[in-house]
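What follows is a single structure, written as structure tokens, with notes after it.
Protein chains get the first letters and strands the later ones, always in sequence-line order, with residue 1 at the start of each. Worth saying up front: this structure is predicted, and the values here are computed from it rather than measured.
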Amino acid sequence: MDFLYRPSVIIGYSLLGTLIGSVFCSIPSLHIYNLAGVAFVMWLGVRSLIPYYALAPFFMSMVVAFSFMNTIPMTFLGAFDESAGATLLPSAAMVSQGKGKDASLLTGIGTLIGALLLILLTPFFYVIWPYIYEIVGAHLHWALGVVMVFYIMSEWPKGAGRGTHPWTKFKDAWRNVFAGLFTFTASAMFGLIFTTQSIIPIEAAFQNIMPVFVGFFAFPSIIQSLIADYDVPKQYDSKQINADWKDFGYGSGVGVVGGLMAAYLPAVTAGIGALFAGHATNHQALDKPKMEDPPEDSDLAIDYVMPEMYYRQERNFLISGGVGKIFYYVGAFLLLFVITDMTPGGMGRGGLNFILRPAFSPEPGDYWLISGTILFSAAISFFMLYLVTKLCIKYIHNFDAAMLHYFALIVVTVIIYFMTGIPGLIITAITTIIGMVPVFFNCRRSHCMAVLLVPIALNMAGYGDLIGQMLGLV
Amino acid sequence: MVELNGEETTEYSAHGEIGEEDEAYYWECPTCGDQAEGYLTCPTCGARITKSISLGLINKIAFATIIIGLLFLGTASFITAPAEFEIGATMEIHREEIMDRVDLEDPARVLNDAFRRIRRYVLYPGQVDYQEPDEESGDFSISVTPARIVGRVSEVELQEADDHFMLRITDGDDDIRVRGFNALSDFREQLGGKFPPNLFDRVEIIGSLDLDSQWGAQMYLSLPQRFRVIESFEEQRREIAAIGSADIGEYYWVSGTIGEISRPGQLRVIELEDRGVRIDLTVPDFIFDDLPEEKQNLLTTPGTTVDILAQVGEFRGNPQLDLANPDDPDTIREVQ
């Protein structure tokens with residue numbers, strides 16, 4: 001029975017990772033990379049905690065669980081991370097209409113479909129992706145530049161321009177644009193300073209970006225939720241998924257494109273990827289509202305069909321967001337295991353890749369191990385999501401979310417202190433101030449990603465040192 | 001098909017085909033539970049009444065995915081386990097398939113035969129890789145990653161300046177070199193006092209096994225997590241009569257009286273006797289010549305009783321002894 005030992009251990013740790021990820025990632029603002037960082041430090045201290053061969057399945061299953069379970073805080077508790085742009089608006093709107101279960105499960109099914117697609121795309125990853133990786137690799141600096149230009153341009157004036165004076169009209173219409181520009185610039189400046197003169201201790205280098213993200217995304221979400229004091233309305237316990245297979249087909253296509261972009265381009269998150277993919281493929285939205293087999297006699301009750309366009313977009317947005325999320329978090333790590341002659345070190349990107357790099361390197365055959373982990377963990381995570389969603393719709397309207405947010409605030413602060421000390425807390429305080437700008441002025445939160453986009457693009461173009469010199473940083 | 005106001009329609013309610021129930025025009029929205037009357041899209045929540053997917057179906061798909069994932073993960077865990085190699089078998093493959101043939105035959109054919117033989121040890125084909133014969137020199141190599149060996153450490157060589165290390169791992173008869181390039185400081189940092197291992201510790205090593213037509217059979221170790229001391233060496237004494245085939249590869253202090261000495265080729269076979277039981281101690285000339293003169297005399301004087309630290313090996317099915325650490329004179333002592 002010795003031959004069963006290794007499979008049993010790996011399955012056991014995959015299950016454990018899924019359960020840990022599911023439980024902890026249901027806490028608002030607790031990002032998987034915070035959790036993975038703590039778990040990794042614990043493992044470095046006591047290596048016998050997890051056998052080396054079960055390390056990747058354990059961490060991968062945690063990330064898979066997170067891809068599913070972060071739907072809960074994002075949908076019901078208003079705690080948004082850097083991938084929130086992919087699913088945020090429709091899910092918030094649906095929760096306000098009592099359709100939180102639909103919102104959560106549409107995203108969850110999208111994520112489950114994304115997990116299956118990740119495995120089905122294996123030939124693509126081995127045969128075509130290495131070429132894309134190599135060819136585009138030389139052009140990443142200007143590709144990131146284009147990403148930034150598009151992103152800033154997409155912050156169009158959202159206000160109605162109402163007011164009694166030209167100045168108030170102007171302010172109403174344009175304040176989000178200027179807030180976006182300010183957030184982008186401040187984040188970029190902070191990023192340039194941070195990447196050249198980091199005050200995080202060197203021993204915590206693998207977690208140095210954590211306090212930055214917590215400040216930009218987690219703390220503003222918590223503060224926003226506490227200030228807003230929003231009571232979630234009673235939710236319906238729907239008996240169906242309000243979508244058909246066509247919606248899943250369309251949403252999956254968009255999600256795959258956006259997710260692959262996010263998995264490949266450095267500092268481009270699922271939110272940014274979804275924005276691009278949505279713009280690139282958003283042809284269905286141009287359709288006129290369709291009737292469901294409109295009868296000829298317009299007096300019939302059945303003839304009255306409400307415009308479907310808005311709801312269809314809502315559904316597609318959630319499904320594609322779910323697919324994009326798993327491609328971004330899980331796909332980016334899965335690509336680490338795609339070892340080919342062109343890419344002997346894999347093609348991994350993303351936070352988990354960065355965290356595990358000091359102690360882990362992929363070997364031939366690991367890809368199949370990780371693929372199995374993804375399938376197994378994804379299905380269990382879906383059931384966990386289903387279960388927690390049911391609990392949420394039953395109790396959320398009576399639940400004091402503020403308590404959970406205070407708890408999250410304390411937990412995340414302790415993690416930052418534990419991992420990065422006082423310097424990390426200082427960095428979190430600074431980035432929280434910048435991260436609050438989008439909250440109060442309604443611009444895109446993902447502008448904060450300029451903290452990485454700008455330094456990475458400049459360094460890839462070979463101008464990082466020059467700009468640093470100009471700013472007196474080096 | 002049902003008739004609505006004289007027209008035939010195929011519309012369905014959430015509860016089935018319209019017209020099957022008495023309340024054909026008045027159905028409940030399955031999402032929000034409100035009366036959707038005859039609408040196909042709920043006027044309250046905007047959910048569609050038709051063309052939805054039941055949660056039961058989704059749950060069945062998810063359940064099937066768990067089963068498939070479990071089978072997939074279990075199978076992948078099994079077949080991608082590090083290929084187990086016995087040191088002796090590895091060296092035998094290298095000797096028979098490469099060393100004995102490489103100068104005589106077409107390198108491509110030698111590579112092919114060696115590849116096929118090594119492939120038998122590996123369940124997942126992707127773990128075996130090879131480098132085609134060089135056009136000029138004909139050199140080639142086959143590597144297996146990850147490969148696992150277990151044995152005792154018989155030599156430790158540290159190159160501090162280059163940050164390299166070399167461990168020689170033995171199974172009693174054969175040994176294999178395990179190298180770590182630019183890895184010494186990393187291993188020390190991550191493994192603390194467990195690296196470098198002590199001589200004769202039993203260790204497990206998972207790394208890349210390389211059979212190279214030029215450099216021989218070696219293993220490369222890059223990750224400290226893949227090195228483990230299974231059993232620290234503790235000095236034990238064993239009587240010659242108690243030594244059996246189960247002890248092959250083990251190290252013991254053994255006492256015996258020098259008997260006959262023969263020289264079959266470039267080695268000395270020294271007979272040791274204790275309480276009427278004999279065992280051979282083999283000392284190759286290159287080792288014997290490096291011994292201090294005092295120890296050489298000790299080993300070649302019949303009737304002398306010696307105490308030696310020896311490793312149990314095997315020759316033609318019978319246990320024999322080898323000097324465990326000839327570099328340390330204290331491991332060869334005269335018993336007064």
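With chain B as partner, the option from A/Asp366, A/Asp237, A/Leu116, A/Ile109 having the largest number of non-hydrogen pairs under 4.5 angstrom is A/Ile109. Contact count versus chain A (heavy atoms, under 4.5 Å) is highest, among B/Gly56, B/Pro146, B/Ser208, B/Pro224, for B/Pro146.
Between atom CG of residue A/Leu105 and atom CD1 of residue B/Ile58 there is a gap of 9.0 Å, rounded to the nearest 0.5 Å. To the nearest 0.5 angstrom, B/Thr145 atom OG1 is 9.0 Å from A/Ile339 atom CD1. Atom-to-atom distance recorded for A/Phe382:CZ and B/Ile61:CD1 is 9.0 Å, nearest 0.5 angstrom. If you take CG on B/Leu70 and CD1 on A/Ile380, they are separated by 7.5 Å, rounding to the nearest 0.5 Å. Of the inter-residue distances, the one linking A/Arg47 atom CZ with B/Gln190 atom CD reads 4.5 Å to the nearest 0.5 angstrom. Atom-to-atom distance recorded for B/Leu55:CG and A/Lys101:NZ is 5.0 Å, nearest 0.5 angstrom.
Contacts between B/Asn59 and chain A at a heavy-atom distance below 4.5 Å involve backbone atoms as well as side-chain atoms. Within the 4.5 angstrom heavy-atom criterion, only side-chain atoms of A/Ile119, from C-beta onward, approach chain B. Contacts between A/Tyr367 and chain B at a heavy-atom distance below 4.5 Å are absent for every atom of the residue. The part of B/Tyr124 that comes within reach of chain A is its side chain, from C-beta onward, which places non-hydrogen atoms under 4.5 angstrom from that chain. Both the backbone and the side chain of A/Ile11 come within contact range of chain B, each with at least one heavy atom under 4.5 Å from a heavy atom of that chain. Neither the backbone nor the side chain of A/Ser8 comes within contact range of chain B; no heavy atom of the residue lies under 4.5 Å from a heavy atom of that chain. When heavy atoms are compared at a cutoff of 4.5 Å, B/Ile79 does not approach chain A at all.
Contact between A/Ala379 and B/Ala62 at its shortest, heavy atoms only, is CB-O, 3.3 Å. B/Ile66 and A/Phe376 make their closest contact through O-CD1, 4.0 Å (heavy atoms, listed as atom of the first residue, atom of the second, distance). Between B/Leu223 and A/Ser361, the shortest heavy-atom distance links the atoms CD1-OG, 3.6 Å. Shortest non-hydrogen contact noted between A/Ile10 and B/Leu73 is CG2-CD1, 3.8 Å. Of all the heavy atoms in B/Gly69 and A/Leu375, the pair that sits closest is CA-CB, 3.6 Å. Residues A/Trp368 and B/Phe72 approach most closely at O-CE2, 3.5 Å, considering heavy atoms.
No more than 12 heavy-atom neighbours from other residues, nucleotides or ligands sit within 6.0 angstrom of CE on A/Met42. Heavy-atom neighbours of B/Arg116 CZ from other residues, nucleotides or ligands within 6.0 Å: at or below the threshold of 12. Environment of CZ in B/Phe181: crowded, with over 12 heavy atoms of neighbouring residues, nucleotides or ligands closer than 6.0 Å. A 6.0 Å sphere centred on CG of A/Asp341 holds no more than 12 heavy atoms belonging to other residues, nucleotides or ligands. For B/Gln214, the CD atom sits in a packed shell: over 12 heavy atoms of surrounding residues, nucleotides or ligands are nearer than 6.0 Å.
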Report the C-alpha separation of B/Ile53 and A/Phe248 in whole Å, then their side-chain angles, then the decisive distance to 0.1 Å, and conclude whether the side-chain contact (heavy atoms from CB on, under 4.5 Å) test is met.
-> CA-CA 11 Å; B/Ile53 299 169; A/Phe248 285 107; 3.4 Å; yes

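Under the rule for a side chain to side chain contact (heavy atoms under 4.5 Å, CB included), the partners of A/Ile50 that lie at least two apart in sequence or sit in another chain are A/Tyr13, A/Trp43, A/Ala54, A/Leu55, A/Phe58.
One N or O on the side chain of A/Arg6 and one on the backbone of B/Ser77 form a donor-acceptor pair closer than 3.5 Å.
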